[in-house]
J.: 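Pasting a structure here, questions to come.
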Amino acid sequence: MTTSQDFPQQGPQDDDAAELSQWERFGVDTTTPHSARVYDYWLGGKTNFPPDRAMGQAIEEAVPSVKQMAKANRAFQGRAVRHLAQEHGIRQFLDLGTGIPTSPNTHEIAESVSPGTRVVYVDNDPIVLAHARALMVSSPASRTTYIHADLRKPEELFADPALTATLDLTQPVGLLMIAVLMLIADEDDPWGRVAALRDALPAGSCLALTTPTADFAPEAVGKVAEAARAGGMTLVPRGYEDVLRFFDGWDLVEPGLSPVLAWRPDGEPPADPKAAYYWGGVAIKR
């Protein structure tokens, strides 16, 4: 079995063909952009390749503030995890579409509120597997694990022994889907897949998600989606009503489905809450 120790642990460099070849040997496609690596580039990370940077720069031409938006989306995740731990007593999290680790990660945020948290990270990009060790570090009272799986196959995910060994599915779970549903086309029924995930969780569980939208800047976001398609990536911005459907049957907590900058901001409310083109929300299963 391949483990994260087998992968190169440093970010690839443009002039290091041997290292690129090593990543490719472990199933990492370095010739086409990948959303997790583009996001890593925007956040200032090191694990991205020339096609990822080219895609990130192309999107930045359409939306010059996209790096700030990526950071705003990440900040929403931190606030949501703290809220779930502090206000709803969530002590176990299922983080889908984890992406390349960027501190603070979910387990670090949750443990800052309540040591003893359990976290399962899920992604289907081999390069995330390469960094899985960074997601396995937790306090002695806590537990984290990483599963290489596809959120579009919820039955397989919930049957994974690593998940059931880490999470008690009879107790509330915080389900995180941060900037991941944009990668599932409408024809692949993302609403049905999210419903299957929600149905597998007990009462008291919570769902926190964000997804990009064209509601705030249709022309600019349209150019972003076009650039993504040209690069072979699926990127589907969704409107308010379509995003609201992901929470069907669950109760949204205040302030409801909101621009991510306006969702329980730290400090003063933002001058322009729609400056980051993401909807975000948190809901609870009663």
Side-chain angles (χ1 to χ4, degrees), residues 3-5 7 9-11 35-37 39-48 67-125 127-149 151 157 162-163 165-168 171-180 201 205-210 253 260-261 263-267 276 278 280-282:
T3 68
S4 59
Q5 289 93 330
F7 289 82
Q9 292 301 308
Q10 300 300 317
S35 60
R37 302 193 298 265
Y39 196 67
D40 176 74
Y41 165 72
W42 287 333
L43 292 175
K46 302 296 185 182
T47 309
N48 47 77
K67 289 182 179 178
Q68 289 72 36
M69 293 185 192
K71 292 175 182 177
N73 183 65
R74 185 78 184 184
F76 168 93
Q77 178 177 348
R79 298 195 304 275
V81 170
R82 286 196 301 272
H83 174 78
L84 294 184
Q86 291 174 337
E87 304 300 325
H88 298 279
I90 299 295
R91 297 294 177 263
Q92 45 184 7
F93 292 86
L94 179 57
D95 188 341
L96 301 182
T98 299
I100 295 164
T102 303
S103 187
N105 290 299
T106 297
H107 69 274
E108 295 170 316
I109 300 166
E111 287 176 10
S112 71
V113 175
S114 177
T117 298
R118 296 187 168 209
V119 179
V120 172
Y121 293 100
V122 180
D123 210 296
N124 66 346
D125 182 12
I127 209 165
V128 180
L129 175 62
H131 290 270
R133 284 188 299 175
L135 299 172
M136 300 300 184
V137 180
S138 56
S139 70
S142 303
R143 184 172 180 178
T144 61
T145 193
Y146 172 81
I147 298 174
H148 192 70
L151 66 87
L157 174 62
L163 185 147
T166 305
L167 303 182
D168 179 357
Q171 298 298 316
V173 174
L175 175 62
L176 307 179
M177 305 186 76
I178 306 299
V180 65
L201 300 177
S205 294
C206 297
L207 168 62
L209 69 78
T210 68
V253 303
V260 291
L261 286 171
W263 196 90
R264 298 176 178 262
D266 295 325
Y278 289 88
V282 172

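In this chain, residues are counted from 1 in sequence order.
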J.: Counting C-beta onward and ignoring hydrogens, is there a side-chain heavy-atom pair between Tyr146 and Val120 closer than 4.5 Å?
T.: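 They are not in contact (no side-chain heavy atoms under 4.5 Å apart), so the answer is no.
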J.: Judged by modelled atom types alone, do Thr106 and Asp95 share a side-chain donor-acceptor pair under 3.5 Å?
T.: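 Thr106 vs Asp95: donor-acceptor pair found between side chains.
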J.: If you compare all heavy atoms of Asn48 against all heavy atoms of Gly45, which two are closest, and at what distance to 0.1 Å?
T.: ND2-O, 3.2 Å
J.: If we count only N and O atoms by modelled type, under 3.5 Å, do the side chains of Glu111 and Thr117 hold a donor and an acceptor together?
T.: no
J.: Looking at Gly280, is its backbone amide N or carbonyl O close enough to the side chain of Thr210 to form a donor-acceptor pair, meaning the two atoms are under 3.5 Å apart?
T.: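 Not at all, since once roles are kept as given, no pair shorter than 3.5 Å links the two residues.
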J.: Test side chain to side chain contact (heavy atoms under 4.5 Å, CB included) on Gln92 and Val119; report intermediate values, then the result.
T.: CA-CA 6 Å; Gln92 45 184 7; Val119 179; over 6 Å; no
J.: Keeping Arg91 on the side-chain end and Pro172 on the backbone end, is there a donor-acceptor pair under 3.5 Å?
T.: no
J.: Establish, from distance only, whether the side-chain atoms of Arg37 and Thr47 form a donor-acceptor pair under 3.5 Å.
T.: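 No, because no side-chain N or O of Arg37 sits under 3.5 Å from a partner of the opposite role on Thr47.
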J.: For residues Leu261 and Ala72, report the shortest heavy-atom separation together with the two atoms involved.
T.: CD2-CB, 3.7 Å
J.: Just by distance, no angles: are the side chains of Thr98 and Asp123 close enough, under 3.5 Å, to form a donor-acceptor pair?
T.: no
J.: If you take all heavy atoms of Ser103 and Glu108, which pair is closest and at what distance?
T.: OG-OE1, 3.1 Å
J.: Would the distance check show the side chain of Tyr121 and the main-chain N or O of His107 forming a donor-acceptor pair, the cut-off being under 3.5 Å?
T.: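 Yes: the side chain of Tyr121 pairs with the backbone of His107.
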J.: Side chains of Leu163 and Leu157: does their closest heavy-atom pair fall under 4.5 Å?
T.: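 SC-SC contact between Leu163 and Leu157 confirmed.
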J.: Which donor-acceptor pairs under 3.5 Å do the side chains of residues 83-90 make with protein atoms, sequence neighbours left out?
T.:
unit_1, atom_1, unit_2, atom_2, d
His83, NE2, His88, NE2, 3.1

J.: Would you call Asp168 and Arg118 a salt bridge, taking side-chain N to carboxylate O under 4.0 Å as the test?
T.: no
J.: Would you call the rings of Trp42 and Tyr39 parallel, tilted or perpendicular, taking 30° and 60° as the class edges?
T.: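 Geometry flag for Tyr39 against Trp42: perpendicular rings.
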J.: Could you go through the side chain to side chain contact (heavy atoms under 4.5 Å, CB included) check for Leu151 and Met177 one step at a time?
T.: CA-CA 10 Å; Leu151 66 87; Met177 305 186 76; 4.2 Å; yes
J.: How long is the straight-line distance from OH of Tyr278 back to CG of Asn73, given to the nearest 0.5 Å?
T.: 4.5 Å
J.: What I'd like to find out is whether the side chain of Trp263 reaches to under 4.5 Å of the side chain of Val253, using heavy atoms alone.
T.: yes
J.: Are Lys46 and Tyr41 in a cation-pi contact, defined as NZ or CZ under 6.0 Å from the six-membered ring centre and within 45° of the axis?
T.: no
J.: How far apart are the closest heavy atoms of Val282 and Ala208, and which atoms are they?
T.: CG2-CB, 3.8 Å
J.: Sub-3.5 Å donor-acceptor pair from the side chain of Thr166 to the main-chain atoms of Ala162, do we have one?
T.: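 Confirmed, Thr166 side chain pairs with Ala162 backbone.
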J.: Given the rule in the side chain to side chain contact (heavy atoms under 4.5 Å, CB included) test, do Leu176 and Leu94 qualify, once you have shown the distances and angles that lead to the verdict?
T.: CA-CA 6 Å; Leu176 307 179; Leu94 179 57; over 6 Å; no
J.: Show the nearest heavy-atom pair for residues Gly116 and Ser142, with the distance to one decimal.
T.: N-OG, 2.9 Å
J.: Give the C-alpha distance, both sets of side-chain angles, the deciding distance and a yes or no for side chain to side chain contact (heavy atoms under 4.5 Å, CB included) between Arg82 and Asp266.
T.: CA-CA 12 Å; Arg82 286 196 301 272; Asp266 295 325; 3.3 Å; yes
J.: Could you measure the distance from the CD1 atom of Ile100 to the CG atom of Leu43? Nearest 0.5 Å is fine.
T.: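 Going from the CD1 atom of Ile100 to the CG atom of Leu43 covers 9.5 Å.
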